Amino acid sequence: MRYLPLTEADRTQMRDAIGVADIAALYADVPSELLLDRPLDLPRAKSEMEVERLLSAMAKRNLSAASAPFFIGAGAYRHHIPASVDHLIQRSEFLTSYTPYQPEISQGTLQYLFEFQTQVAMLNGMEIANASMYDGSTACAEAALMAHRITKRRKAILSGGLHPHYADVLRTISHFAGDEIVALAPDVRAREDITSAIDDSVSCVVVQTPDVFGNLRDLTSIAEACHRHGALLVAVFTEVVSLGLLKSPGEMGADIVVGEGQSLGNPLSFGGPYLGLLATRQSYLRQTPGRLIGETVDADGRRGYVTTLSAREQHIRRDKATSNICTNSNLCALAFSIHLSLLGEAGLRRLARANHASAIDLVDRLAGVAGVETLNESFFNEFTLRVPGDAARLVEAMAEQGVLAGVPVSRLLPDAGLDDLLIVASTEVDTAEDREAFVAAMRGAL
Amino acid sequence: MRYLPLTEADRTQMRDAIGVADIAALYADVPSELLLDRPLDLPRAKSEMEVERLLSAMAKRNLSAASAPFFIGAGAYRHHIPASVDHLIQRSEFLTSYTPYQPEISQGTLQYLFEFQTQVAMLNGMEIANASMYDGSTACAEAALMAHRITKRRKAILSGGLHPHYADVLRTISHFAGDEIVALAPDVRAREDITSAIDDSVSCVVVQTPDVFGNLRDLTSIAEACHRHGALLVAVFTEVVSLGLLKSPGEMGADIVVGEGQSLGNPLSFGGPYLGLLATRQSYLRQTPGRLIGETVDADGRRGYVTTLSAREQHIRRDKATSNICTNSNLCALAFSIHLSLLGEAGLRRLARANHASAIDLVDRLAGVAGVETLNESFFNEFTLRVPGDAARLVEAMAEQGVLAGVPVSRLLPDAGLDDLLIVASTEVDTAEDREAFVAAMRGAL
Amino acid sequence: QEEPPIFEIGRTDTSGVDIEEPAHLEPRLGALERKEPIGLPGLSEPEAMRHYVRLSRKNYSIDAGLYPLGSCTMKHNPRLNEKVARLAGFADLHPLQPQSTAQGALALMEELSRWLLTLTGMSAVALSPKAGAHGELCGLMAIEAALEARGEAATRKVVLIPQSAHGTNPASAALLGFQPRVIEAGADGVVSEEAVARALGPDVAAIMLTNPNTCGLFERNIVAIARRVHEAGGYFYCDGANFNAIAGVARPGDLGVDAMHLNLHKTFSTPHGGGGPGSGPVVFSERLAPFAPVPFLLREGEALRLVEHGDGAQSFGRLTAFHGQFGTFVRALAYILSHGADGLAQASRDAVLSANYLRAALRDVMTQPFGDRLCMHEVLFDDSFLEGTGVATLDFAKAMIDEGYHPMTIYFPLVVHGAMLIEPTESESKRSLDLFVATLRDLIASAKRGETRRFTEAPRYAPRRRLDEAAAARKPVLRWSAG
Amino acid sequence: QEEPPIFEIGRTDTSGVDIEEPAHLEPRLGALERKEPIGLPGLSEPEAMRHYVRLSRKNYSIDAGLYPLGSCTMKHNPRLNEKVARLAGFADLHPLQPQSTAQGALALMEELSRWLLTLTGMSAVALSPKAGAHGELCGLMAIEAALEARGEAATRKVVLIPQSAHGTNPASAALLGFQPRVIEAGADGVVSEEAVARALGPDVAAIMLTNPNTCGLFERNIVAIARRVHEAGGYFYCDGANFNAIAGVARPGDLGVDAMHLNLHKTFSTPHGGGGPGSGPVVFSERLAPFAPVPFLLREGEALRLVEHGDGAQSFGRLTAFHGQFGTFVRALAYILSHGADGLAQASRDAVLSANYLRAALRDVMTQPFGDRLCMHEVLFDDSFLEGTGVATLDFAKAMIDEGYHPMTIYFPLVVHGAMLIEPTESESKRSLDLFVATLRDLIASAKRGETRRFTEAPRYAPRRRLDEAAAARKPVLRWSAG
């Protein structure tokens, strides 16, 4: 087997050195009735060529974004990733290293994470950020738990514009942790009155912008209401590119910002791996979950980086830890950070404008389609359509014409009675022809 | 422009430091009438996304081996390349380094070339090898020139089994260098009498095995005849994988062995870049063209490698050089060497057997196709069919059915009257279904 | 050469990405357009390439050397995995596109599930957990959901955890409101049936065990312990971090396990990426299967369907957006198919063989806390052999860096003084193991000779010497700032 | 850590490639089956990965640092080029498959040709030459073919070559039976019209000039020289190695050039790969166009046809199997399209600007052989400034290694004593250039202070110290052997 360097001769020599007659002797501690005495009902080893053939055949059974006009978002976005990003993250020294437990020989990882933390904090207008979480949804859950620790309260209010998956994840963890959730009704047009729900028992309010329906939300008044009641505002985003064009959550008064970072540097990959971003105020440092990288000096006085404040973390603090997270999303964070370094502020702004322009163009083209209504007053690169009939069926029909048209709201909220709503995203990757194909396919399918 | 780091502010500062007012001043030595005063009729800069889109569109207009049952050889062969090979050759330190002029910081390149030389020498049963040429055809021409220098004669005899491109290349260089070529007639069944053409005026005899028609040739008696007349035997191969199963040229008495190394580690890539292999006897060292890497020690006595005997080379010896080659095929040689290291002797033998088995299977399946005759008595992974009618038209017809069937001899030898011959290769990459598809398509097209 | 942070190289008006910008744009952003500068530096592409290549060269990696981190399983990461994960049909696939257009991806998840279930002998799998610790949450949630169904969720709030457990175990339990109760291992390094029996009671929800345990030993009383836990109405959660010792050799399902996470980035080498992404699918026994989270796969004739909502069933809910670390599933399946069942078993055996070979080669110069006995895929030493040398475990580890090695895991498990946990994995050749042994023996001899500074001043040949971690924690600097 | 050769790591029975072997095989090999062992070592995949990763780390590269090799143009190598060259439609395409199934590839070659011809202002292009030196052969063959057509091939056997030329120039000429005749440059570093006029005669076939020349100067008499050569019945071959200074700014065709090779791996960054593969397409003036080698492209309506045989025309024949370095064409075109005509001109200007910036920043401490005058994209210094320091040019270069830099080109061109030829290219940021200047100034100050050992003992911090090249040449060891 090509991955196993030991030869039979090696194995014999090694057994002799150990002083055992056969490999079974090494498993002497395993009760013999537990040792498999027959081959499992599974195939035997395959050549690389054969494995590649099998997996390629599976890949070909999917309609990939690369082969169809593509307009799906709702929490994961297709963007162009510079070739250098993928090249760099495949450097052996990044790809095949472990968590940076030995800082002297992990400065590469530690420095890029320090840079990542700074970028994330800057983007969000916050003081600090951690070194990544699993994804936006789990970061969002961690933010609520963090708010609970800070406020010593246990009740979170969820905006009706929060991505339903994020709300579900919060619901799950709160249920088992014994925390309270107040989830407002789905709020398609960003008209909910969230401030009146806030009182002194509330730990945090969780609001997404752009929300799941694509509406932009001004968080300022919500932040004020939170702070009046001693609650925290948790701001959420799923499209990090929007921060190139939108007021930062920090500017609007958020206390904790969490979001999905996939849009920069990371492919769609059918849902993962992605990376969660979490930024907050310096004063909440010690309640922040996840890994933190800090600057320091080495014995020669040279600047260097280390994992710091690990007294918060599970491997030291065990059942008193701020979270149980250990492995996070480093390599995704690296991809994010490289992509953002390449963009820089000027490039990010241009990218955001290109996205916004794409979406505007599509909205304008759709204005000519009878029976279809765009619900949004404001949006970034995503918006919600009301269509005649069932949006899920429409999407299937358009897929048959080779257009991947968006996410029916019923896919996220099956019981909300919003079956005629379709969430549509348009990014810099679409061409005008793609958008025209969308319109044509929709006309054809209606 | 994303590849250019200088900003306008930088440029201004730099001009100031130089003391010129504008960039035109830096081109003061260029006669002003030669400076382009208008934009060329060419497009402006494009984003990475746009370039990728354009080139992908071009790529999609080709019927790639990945998307069709594939049986083309005749000097370039499709084999499975382990993913690790391509990963490794893209390491920045291999991909983006220059010719190893500074050995202290080029040991990576120098050591792999030293290993490559050894592998090539071993494979061919020869004493030494150089660090690669452009490809098999140019290596073949260099071998003839080398033989001329060694024998101080200027006449080469070319077997009728030599790849016609190789013969053409030799013909071109010989014409301009004033050397003589005696090219035997195309020898489809390996029945030519080459020994009787050898006399004391002959510098070398150039024989390919497996020959271009796929026949295997025993070189032993030709070598003896050469040596009787003070001539050298230049052995040629285009399919290096065959050496895993066949007697080495060295064993059969060759004096210089040249061949194409593409089959190991290098994709088809529509004809290049490939790599030429050249191995010979230690005694011909100083007449060997191209770069040679030698082992030595550094100032601390540690083993190390350097470019050596460069007194033969053009940058020192100028018009007295053994060749004019400078840039060669290092990265292709690296791919070759990694692939061969991964295979090892055991793997290479298995690979060769798998190729041979594929070809046998196809020959046997074709036995059932009326009107089609396999001409070879022996073969490795390639053979020649006599088909009813025009082979080129047959190939086009089979391509329309999505099968890439082989090379019509008329493509290589348009005037030889061999229009009913088709050269077919089958490697480890073909499946039994592919071979069945070949047979079916041929039946359909006949 | 030093490599400064991007903030000292880049400029806000430089960019390494060319984007055709829209000619004119009338924003539809309400009043929410950003007016303030962000401050993000940009690098041209050559500057970025050089920055990250240089940073990378300050890292150790499995590609460049042995990575003997016990409990972390740093094995060879095949590049085939990276290649197939990048196929457009996988990488360029949206989690919410119509399932009819993603049947290949669902088939891949089904095939991976089949392997994981067969290898573990379990009944159901949740693919969505994002890492081992996330899998622990998943498993404990299923346990709590099962207790709820039995009406015992309020009374069973204790989880038994051995002292030697990974920190994630108590952290996960505490996060869900369980009280961890420590159980001690015996002098032989494993947990006895009696110790478990003593700790069991009507308040116990579950036991969390790692097997093989973090001392490198197989918990040989496992079957009896599982029986006791089950009899007492509890569940058995197995931390799968050490599955690399027994994959294809023994099945956790046969041991009585009710839930176990598998670290695809360890056992199935997907790879670790400097700290992630991981992937921690959880397998369940029949008893817990009904409570598994959404999404899960259903086969409906020829078609596969991913069930994304509870549909009124007993599923405990959703753990994360979308369907888990799909890119990691592709890599893991490539790894698994490449090995086959035979290769996976051989890999486990080689891992155990290699650990024992190191043990045999070092036992005369290093000390083992539980006596000289067979280990599984990792071998645990303690620091007794350094006694009187003035060299601490940490110093010894740092000295290994100067010899070109990543240190082993140190000071873990906590139950052993000056623990040194070595896991060579099946990826090392005998030649590599022999060189490693020779290096360790040389270092030990050096320590015994009193060459203390070789250790206390180490590392000297690394990109950095020892870093002041205390200062970093005292006054945390977590982001770059000018000046 | 030392990394031994594969022959000391691998074994003949180990393999890192799994191949399903045919069950039974009745060979049809005549009597030519191999019986003897070959001796080739095999490595498992993890062993191979580690071997080559470790070797790579002993190399310098443009990705990791400035590579100021004059006349070699080591610029940024975009990864986009590598990505597109690997598209299945390009990488998995056979050179002899029906042309009807490869129209995309032919279109790519046509598009590249259009760019090369427009940028150079020439009439025809031969894409097949495999490297710069191969391009020289190609160009000289076309010249000889043209002379044959004129019936003057036998009489015109001299090629004029300046002393400062690349070694490939005389070598290429000699290979084809030409006699190189040296022409001297003037005190201003360029060739004068008179010097050429003096050397011209009825025996002259051609002149080979590099422009900008290898002293970093533009041959400003070029138009007059070309006219003189043409009047004398000769042709003008231009070595295109230095096209990076003028691409998009001036066209060789306007200078009177008849043939010129372009180094795609230099000017168009495809990249150099540690010594190749290169690619050396040759552009021709109208006068030489008919003699261009096969294959060449013809457009026939919608379809493109690659003419692979002379078809009785004046083509001088075939230079190599197949159609040239196609993979390199893809990379070059990606590079060219990315820049556009505007970007290519800007790149040339930046390259010239950067070289002059270095010149300005160093002119007070280093010495220029032809006085302090503008240079093109590379700046030439001589060793006068080291006089009396005991530091030779070679020592100075080796000391740069210890500062983390690849040395510049030294001892070339041969016409300048202790030449140091620096080409920063357009890929370096001002910050990078400033650091380089600071380092050189520090070294120069050190040399003047008499810190000779810093130079003569350099490099000390490289993977190797100076290697014994004399011993290597005296008793060549060109392959590994046991013992």
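Residue numbering restarts at 1 for every chain, and letters A, B, ... go by the order of the sequence lines. Everything numeric in this text was worked out from a predicted model, so none of it was measured.
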Quick check for you: among [options], which has the greatest number of heavy-atom pairs under 4.5 Å with chain B?
options: D/Gly248, D/Ala85, D/Pro293; answer: D/Gly248
options: D/Ala171, D/Ala31, D/Gly274; answer: D/Gly274
options: D/Leu119, D/Asp13, D/Leu374, D/Val223; answer: D/Leu374
options: D/Thr14, D/Leu175, D/Leu217; answer: D/Leu175
options: D/Ala345, D/Ser279, D/Ala88, D/Gly317; answer: D/Ala88
options: D/Ser56, D/Gly177, D/Gly89; answer: D/Ser56

For [X] and [Y], indicate whether the former's side chain and the latter's backbone hold a donor-acceptor pair under 3.5 Å.
X: B/Thr327; Y: D/Ala131; value: no
X: B/Gln111; Y: D/Glu3; value: yes
X: B/Glu345; Y: D/Gly39; value: yes
X: B/Glu104; Y: D/Ala462; value: no
X: D/Asp254; Y: B/Leu34; value: no
X: B/Arg411; Y: D/Gln97; value: yes
X: D/Arg34; Y: B/Leu243; value: yes
X: B/Asn62; Y: D/Ala105; value: yes
X: B/Asp218; Y: D/Leu32; value: no

Can you measure from [atom1] ([X]) to [atom2] ([Y]) and round to the nearest 0.5 angstrom?
X: D/Arg28; Y: B/Ile360; atom1: CZ; atom2: CD1; value: 5.0 Å
X: B/Leu245; Y: D/Leu29; atom1: CG; atom2: CG; value: 5.0 Å
X: D/Lys130; Y: B/Ser329; atom1: NZ; atom2: OG; value: 7.0 Å
X: B/Met122; Y: D/Arg479; atom1: CE; atom2: CZ; value: 5.5 Å
X: B/Thr96; Y: D/Asp63; atom1: OG1; atom2: CG; value: 3.5 Å

Could you look at [X] and say if it's the side chain, the backbone, both or neither that has a heavy atom under 4.5 Å from chain B?
X: D/Leu87; result: side chain
X: D/Pro37; result: both
X: D/Ala64; result: neither
X: D/His51; result: side chain
X: D/Glu428; result: backbone
X: D/Pro98; result: both
X: D/Ala347; result: both
X: D/Leu176; result: both
X: D/Val84; result: side chain
X: D/Pro5; result: both
X: D/Glu21; result: side chain

Proximity breakdown for B/Ser378 and chain D, heavy-atom pairs closer than 4.5 Å: both
Of the backbone (N, CA, C, O) and the side chain (C-beta and beyond), which part of B/Tyr166 lies under 4.5 Å from a heavy atom of chain D, both, or neither? side chain
Taking NZ, NE, NH1 and NH2 as the nitrogens, is one of them in B/Asp298 or D/Arg465 under 4.0 Å from a carboxylate oxygen of the other? no
For residues [X] and [Y], is any side-chain donor paired with an opposing acceptor at under 3.5 Å?
X: B/Thr109; Y: D/Asn59; value: yes
X: B/Ser341; Y: D/Tyr52; value: yes
X: D/Ser338; Y: B/Arg2; value: yes
X: B/Ser64; Y: D/Asp92; value: no
X: B/His356; Y: D/Glu33; value: no
X: D/Lys430; Y: B/Gln13; value: yes

Please work out which of the three classes, parallel, tilted or perpendicular, describes the rings of [Y] and [X], given edges at 30° and 60°.
X: B/Phe70; Y: D/His94; value: tilted
X: D/His339; Y: B/Tyr3; value: tilted
X: B/Tyr134; Y: D/His134; value: tilted

Highest number of heavy-atom pairs under 4.5 Å with chain D: which of B/Asp10, B/Val306, B/Leu246, B/Val407? B/Leu246
